[in-house]
Every structure is written in structure tokens, then in C-alpha cells.
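Below is one structure; the comments refer to it alone.
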Amino acid sequence: MFAVFLAGVPFCRAQEPPPAAATEASAAYVSPTESRLRADVTFLASDEREGRAPGSSGIEAAAKFIAETFKSLGLKTAPGADGYFQEFTLAGRPTLGAANDLAIHTQNGKELRAELKTSYTPLAIGSSGSAEKMAIVFAGYGITARDEKTGLDYDDYAGIDVKGKAVLIIRREPQQDREDSPFNGRKTSEYATFRHKATNAFQHGAAMVLLVNDLAGLEGGKDNLLGLVQVRREEDTSSKLPFVMVTRDFADQILAAAGSPKLADIEARIDSDLRPRSRELQGVSVTARVTIDRPGITTRNVVGVLEGSGPLADETIVIGGHYDHLGRGGLLSGSLAVLSSEIHNGADDNASGTATVLEMARRLSTRRDPLPRRVVFIAFSGEEKGLLGSQYYVDHPLFPLNKTVMMINFDMVGRLNLKRELTMIGTGTSPGSEFVVEALGKSSGLTIKKVTGLTDGFGGSDHQSFYAKDVPVLFAFTGVHPDYHRPSDDSDRINYGGMARICDYMELLALDLIRRPERPAFARLNPPRRESAQSGSVAMGATLGVMPDYGDEAKEGMKLSGVRDGGPAAKAGLKGGDVITSIENKKIATIYDYMESLKGYKPGQKIHVGVRRGGEDLKIEAELGGTTGASHKQ
């Protein structure tokens, strides 16, 4: 399940897995369904699958297994697919390219040449790029911070012009060793993040960032350069600017060549009165080439088709779930075991959902009575990278979306608890679904926890790609647990008896949808009700209610795959396909620029949003809505 969302998306509460002796799977009798599910999950979540990261031999073996299962069931291939596969490309792990160099030119004609990985290194939070004798501005910590509560008013960019220039900035923030610091005492504040520094430099017009360690943050007094990808996942590729880290010694050489005091002296002065010491560095310039390769990885959705019969045969119901996972984890994977390089087998996330899709395919394809509607079974790849497989499918549908009447999604259905609680999300996307979902749940011995909406209009898994295209959705989910996105999510922790019960229930629900004489109607959702910000029980922030297109690689602006129905963006007239290029005249190039630009605003405030629609540039006024402070499912 995709772990990174825009602020304001609430998440299901984590639950402890039930003891093995208490699960239905531990009963003496093991049903054929349980045996099949166990075999499928065990294969998909074995160490041999290597965590099913896109581009690995493990995920390819999983794709072949799913395709062979579809073939054995007599499922057909989809027109336009390559057999049972729909290929697409996603960005791979960043690597240093061949052309990387950096030199400082001084006013006396000397050249200070930096040595790669010794005195400088590019960081993957930025992009490839070059500079030719570009002017350099020392911009302190690269921070613009205002906070009415603490009285913080600090701006390293005040009174300086950095447009088209390189900025030399310090990591973290001033006064880090002081409890009374208005930033956040001894703790680092949001202004210390790479994201804030990258966006702030970009929006002030800088063309390149030179980052240097702060004195207070040195570990054991050592000035260590960060590795290319040594940042948190959500900060990867957060800037369209070249982003380079240099050592303190090299930075001091730059400052000395411009007649400026050393870093330590500047930091001490800023700490003393919390006043910026920014200035253009006269007589020095930088020439650099930064090359970061992000090779494309070819991966595949796996698609099997069960054709319908009769007058409704051209209508399609999609039953799907993602089969990719996190590989061996790592800083860019979304793993919650940050320092681990163990295989993340993803038994619940989402071998359980994939196995359920296969079981649904077995049951529906072996029925003697012909089904009136077409059923398309899809195992999506690229979900953990940002719903990329399902997004690719809805952008390149193998069957018309205007004839796709429902999408049923399985993501993490392997941990049914002792109360037999199954969460069904999206029941409000089609009138009447709530009644059927609950009634069939009772007859199946399940306690259905209905979520009418999709957690603030969307929902953190592949169904949301379909919902954004006006397709009704239902999302089955047994909840988050302590093994989520960790190496401990193994097949021996799955409740196979519970999965079998969910399959019995979902088969009845799918048959009801497939056989309905009338097409299930699509309903746009109203924004969820929220607690009052005045109650003090919910931290409120500002939101537009948009869903970025995570697969878009445009160099300018943040493309939207959709907007929340009834949300601020929808009310203002924004829609899927629009590209947000600015907020209050601050340029937007990435999702992180967008998120940073909304900080400091409150619900109810009106902002001007620059939008590119087709070839036209628009300026749209929108009134911001409120959102809870949660931003991660865990």
C-alpha cells in the first residue's frame, strides 16, 4: 500500500496481529480455499521474490506466476496488451552520471577545483544541470520562517537577489543548541528540512544550491558528505535545481576568496542575535556539471479477461490489487525499517490482495452460468511508487472507462482480526452500495466497517486512480499493523482462514455487481465532516484537495490526476489534467514545492493559483479548506 500522501489524508489505526492460535487459519480443518491462498501468498512473499521491487527478477517471477495462473483458468488476454502484460516505465534508483565536476573561479584568476565524493557530491533531491561561471550568493541557512505564535521572523533571502545564481546555504537552522530557540528549541523544525531549503531556493529564483554541514550538527566533529540518495524518500527529487553538497573546508575556501569570514564565525554571529548574514560573494563564481541518471525501469501490469455474455457484455468490472512491494527497503523505498536492507516480503502488502484477486478469478471463471458483464482481473505494479500501474491503466485503458462500471480493490486483506472486522472503503461512490456491502457482510459472518468516502476524497491505493476517472470503487482492507512496510511482514503471519472468509464475502458482492440489471451509478463524494478547529482536538492545516499525478515528469508545474469532489480546488474550477504552476506567484515545479507553499496558510484564506490548462495559463482564486495534520498512514 502506498505510504506517502498529501497532508490531510486520515488513516486506519494500526492493529496488533491476532495470535496464531486464535486465528481461523489455526483450526484443524483447512479448506481448499485456505490451501490455495496460503500457496499463493507463500510463493509471492518468499525470499526468492526479493521483495517484488519493480525491475527485480523477483517481481518478474511473480508476474509470470500470475499470468500463468490466469492462463490456466482460461482467462483471455486483453486487446492491446502484450499477452497478459501491459508494460510501462517508471523511474529507477538515481545513480551518478559520468559527467560531474565542480570548480570555483576567484577574482585573482585562480581556480578551486572540488574532488568528487571528497570535497563535494551531488544529491538526488535535486536534478541534473550545469553552471558556467555562475555568481554565488551566501544565503545563510536558506530559510524563510515566520511564526506568529513564537514570534519567529527570520529570512535569509531578505534584501538579496539570487535570481539565476548559485546559493551557498548551511544545513539545519540557527541556535540549534539553545532551548529558547524560536525555531523549535534544540529540536529541528520544519524549516531545517531539505524540502524547505530546496523549495525556498527555487522560489527565490536560484539556479543551483551548494549545501554545507552546519557546525552544531557535525557527528563526532566529522564533516561527512551525504551520499547521493541519503535522504528520506519523500524528499527524493524534491527540486528541479542541481543540488550539491560541499565540505566545510571547501566552503571556507569559497568564502575566503570573496573576503568573507569563515563559516563558524558567521554561524556564531547569526546565533548571537538571530539576524541573517546573507551577501553576494564578490569575485567568485562556480562552473559545474551535475549529472544524475534516473534510468527507466520497465515493469508490467498483469491482466486477465473473463468475457461476459448478453446485452451487458460490453460493460466491465475490474477486480485488482497491486503485486509490487519494497524490495530490500532502503531510504528511497518507503520502508519503515529505515536502516534495514533485509528483504521486505510484503505478505500482507500486498501478496494477500494479489492472492485474493487470483482466488476471485478461480471462482468466477469456473462458474457454469455465464456472467452478464465482463470481468477484468488486474495485478498492478508500481503502486508503492505512487499508484503508477493503476494510473497507467486508466490513462491507457484496455477497455473503455466509460463502460467500466466498478473497480474492486484488494490491498492488505491478510490480517482479519478476532472481531472479523473488514473495512470497506468507497461505499458512497455508488448509491445502494452501503446496504449491499453491509447485508452481505452479516450473512458472511463479518463485521463491516463502512467508509463512505475515500479518506478525504481519495484513498491511498489503486482504486483511487479509477475513482478519479468517475468509476465507482470498493476497497477491501483489514487494517495497518506493526509489520507494515517492514521485513517482518511475512507469510506465517497471515490469517488464511480470515482471507478465505473475505473471499466468500467478496464473491457474493462481485456477483451482485456483475448481475445487476442496472449499471451501478457513480456518485461524487462530499467532503468529509471534520471536527471544529476551535475544539483543540484536531490540528488543522490548509488544503486545496488535489491529487498529484505521481507519474508525471514534466519540468515545470505539478500535474493533477484529479481533485477532491466538493473540495476547494473543485469549487474553484480546477480539474484533473490541470498543471499548478504557482501559488501566490511562487513558482511550483514539484509536489514538494506545492506542499511547502501551502505552509503558513489557514483554512478559509483565499489564494491565487497559477494553472496551465492545455496551452492556456490561468489565474484561479481558491478558498483553502481545512485538513487534519496527519500525513502518513502509519
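We number each residue from 1, following the sequence as shown.
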Is there a donor-acceptor contact under 3.5 Å linking the side chains of Thr291 and Asn100?
no
Output for pair (Ser278 OG, Ile143 CD1), nearest 0.5 Å, gives 10.5 Å
- Message: Using modelled atom types and a 3.5 Å cut-off, is there a donor and acceptor pairing between side-chain atoms of Tyr120 and backbone atoms of Asp101?
- Response: yes
query: Does Val229 reach the side chain of Arg93, with side-chain heavy atoms less than 4.5 Å apart?
result: yes
Under the side chain to side chain contact (heavy atoms under 4.5 Å, CB included) rule, what do Leu211 and Arg171 come out as? Steps first, then yes or no, please. CA-CA 7 Å; Leu211 178 76; Arg171 280 186 75 182; 3.6 Å; yes
Open item on the list: Using side-chain heavy atoms (C-beta onward) and a distance below 4.5 Å, is Ile270 in contact with Tyr154?
Closed with: yes
Can you confirm if the NZ or CZ of Lys587 lies within 45° of the ring axis of Phe202 and under 6.0 Å from the centre of its six-membered ring? yes
In this structure, CD of Glu383 is separated from CG of Asp462 (nearest 0.5 Å) by 5.0 Å
Ignoring hydrogens and angles, tell me if any N or O in the side chain of Ser119 forms a donor-acceptor pair with the backbone of Glu115 under 3.5 Å.
yes
_Before you tell me yes or no, could you show the steps for Asp156 and Ile169 under side chain to side chain contact (heavy atoms under 4.5 Å, CB included), namely the whole-Å CA-CA distance, both residues' side-chain angles and the distance that decides it to 0.1 Å?_
CA-CA 9 Å; Asp156 281 309; Ile169 59 176; over 6 Å; no
Hits for salt bridge (Lys or Arg N to Asp or Glu O under 4.0 Å) against Glu132, two or more places apart or cross-chain, chain-then-number order -> none
Can you check whether Lys110 reaches Ile104 side chain to side chain, under 4.5 Å on heavy atoms? no
Closest non-hydrogen contact found for Val546 with Pro548 is O-CD, 3.8 Å
Q.
So Ile591 and Arg195, do their side chains get closer than 4.5 Å, heavy atoms only?
A. no
* Are Leu574 and Ile580 side-chain neighbours, meaning at least one heavy-atom pair lies under 4.5 Å? -> yes
For Ala201 and Val209 the tightest heavy-atom approach is CB-CG2, 3.8 Å
| Do the side chain of Thr581 and the main chain of Gly610 share a donor and acceptor less than 3.5 angstrom apart? | yes
Which of His105, Arg113, Glu111 passes side chain to side chain donor-acceptor pair (under 3.5 Å) with Thr287? Answer is His105
Can you check whether Ile588's main-chain N or O pairs, donor with acceptor, with Asp593's side chain at less than 3.5 Å? no
The salt bridge (Lys or Arg N to Asp or Glu O under 4.0 Å) partners of Glu190 (sequence neighbours excluded) come to Lys599
OG1 of Thr247 to CG of Asn224, rounded to nearest 0.5 Å, is 11.0 Å
Q. Does some side-chain heavy atom of Ile170 sit less than 4.5 Å from a side-chain heavy atom of Leu263?
A. yes
Regarding Asp395 and Lys469, does a basic nitrogen lie under 4.0 Å from an acidic carboxylate oxygen?
yes
Exercise for review: Check whether the side chains of Lys222 and Asn213 place a donor and an acceptor atom closer than 3.5 Å, and report yes or no.
Suggested key: no
Exercise: do Thr144 and Asn200 side chains pair donor with acceptor under 3.5 Å:
yes
| request: Please check if the side chain of Ser189 supplies one atom and the backbone of Asn184 the other of a donor-acceptor pair under 3.5 Å. | output: no
Whether Ser127 side chain and Lys240 backbone form a donor-acceptor pair below 3.5 Å | yes
Is there a side-chain contact between Ser461 and Phe475, using heavy atoms and a 4.5 Å cut-off?
-> yes
For Arg146, the salt bridge (Lys or Arg N to Asp or Glu O under 4.0 Å) test, sequence neighbours excluded, returns Asp153, Asp155
All heavy atoms of Thr199 vs all of Tyr592, minimum pair found to be OG1-O, 3.6 Å
Scanning both residues in full, the closest heavy-atom pair of Pro242 with Gly129 reads CG-CA, 3.7 Å
Correct closest heavy-atom pair for Gly97 and Asp293 would be CA-OD2, 3.4 Å
Separation between CG (Leu544) and CG (Leu598), nearest 0.5 Å, reads 5.5 Å
Distance col, row Asp180:CG vs Arg186:CZ, nearest 0.5 angstrom, shows 9.5 Å
For Arg277 and Arg275, indicate whether the former's side chain and the latter's backbone hold a donor-acceptor pair under 3.5 Å. yes
By salt bridge (Lys or Arg N to Asp or Glu O under 4.0 Å), Asp470 pairs with (sequence neighbours left out) Arg524
### Backbone of Leu387 reached by a side-chain donor or acceptor of Ser390 within 3.5 Å
yes
Taking everything shown except Arg613 itself, do over 12 heavy atoms lie less than 6.0 Å from its CZ? yes
Residues pairing under salt bridge (charged side-chain N to carboxylate O under 4.0 Å, His left out) where one sits in residues 246-261, two or more places apart or in two chains, turn out to be Arg248-Glu267
NZ of Lys606: more than 12 outside heavy atoms within 6.0 angstrom? no
Stepwise salt bridge (Lys or Arg N to Asp or Glu O under 4.0 Å) test for Glu556 and Arg612:
CA-CA 10 Å; Glu556 182 180 356; Arg612 182 162 299 142; 3.7 Å; yes
Please check if the side chain of His481 supplies one atom and the backbone of Asp483 the other of a donor-acceptor pair under 3.5 Å. yes
Test side chain to side chain donor-acceptor pair (under 3.5 Å), reference Gln176, set Asp214, Asp271, Thr188, output is Asp214
Below 4.0 angstrom, N of the basic side chain to O of the carboxylate: do Lys165 and Glu280 qualify?
yes
Separation between OG (Ser130) and CE (Met208), nearest 0.5 Å, reads 9.0 Å
- Item | Ser128 side-chain N/O to Ile292 backbone N/O, donor-acceptor pair under 3.5 Å | yes
Quiz item: Going by heavy atoms in the side chains, are Pro568 and Glu623 under 4.5 Å from each other?
Solution: no
**Report entry** Derivation of the side chain to side chain contact (heavy atoms under 4.5 Å, CB included) call for Asp578 and Val563
**Finding:** CA-CA 10 Å; Asp578 285 348; Val563 297; over 6 Å; no
ring-ring contact (aromatic ring centres under 6.0 Å, His included) filter on Tyr191, not counting sequence neighbours, yields His196
Between Ala135 and Ser285, the two heavy atoms sitting closest are N-CB, 4.4 Å
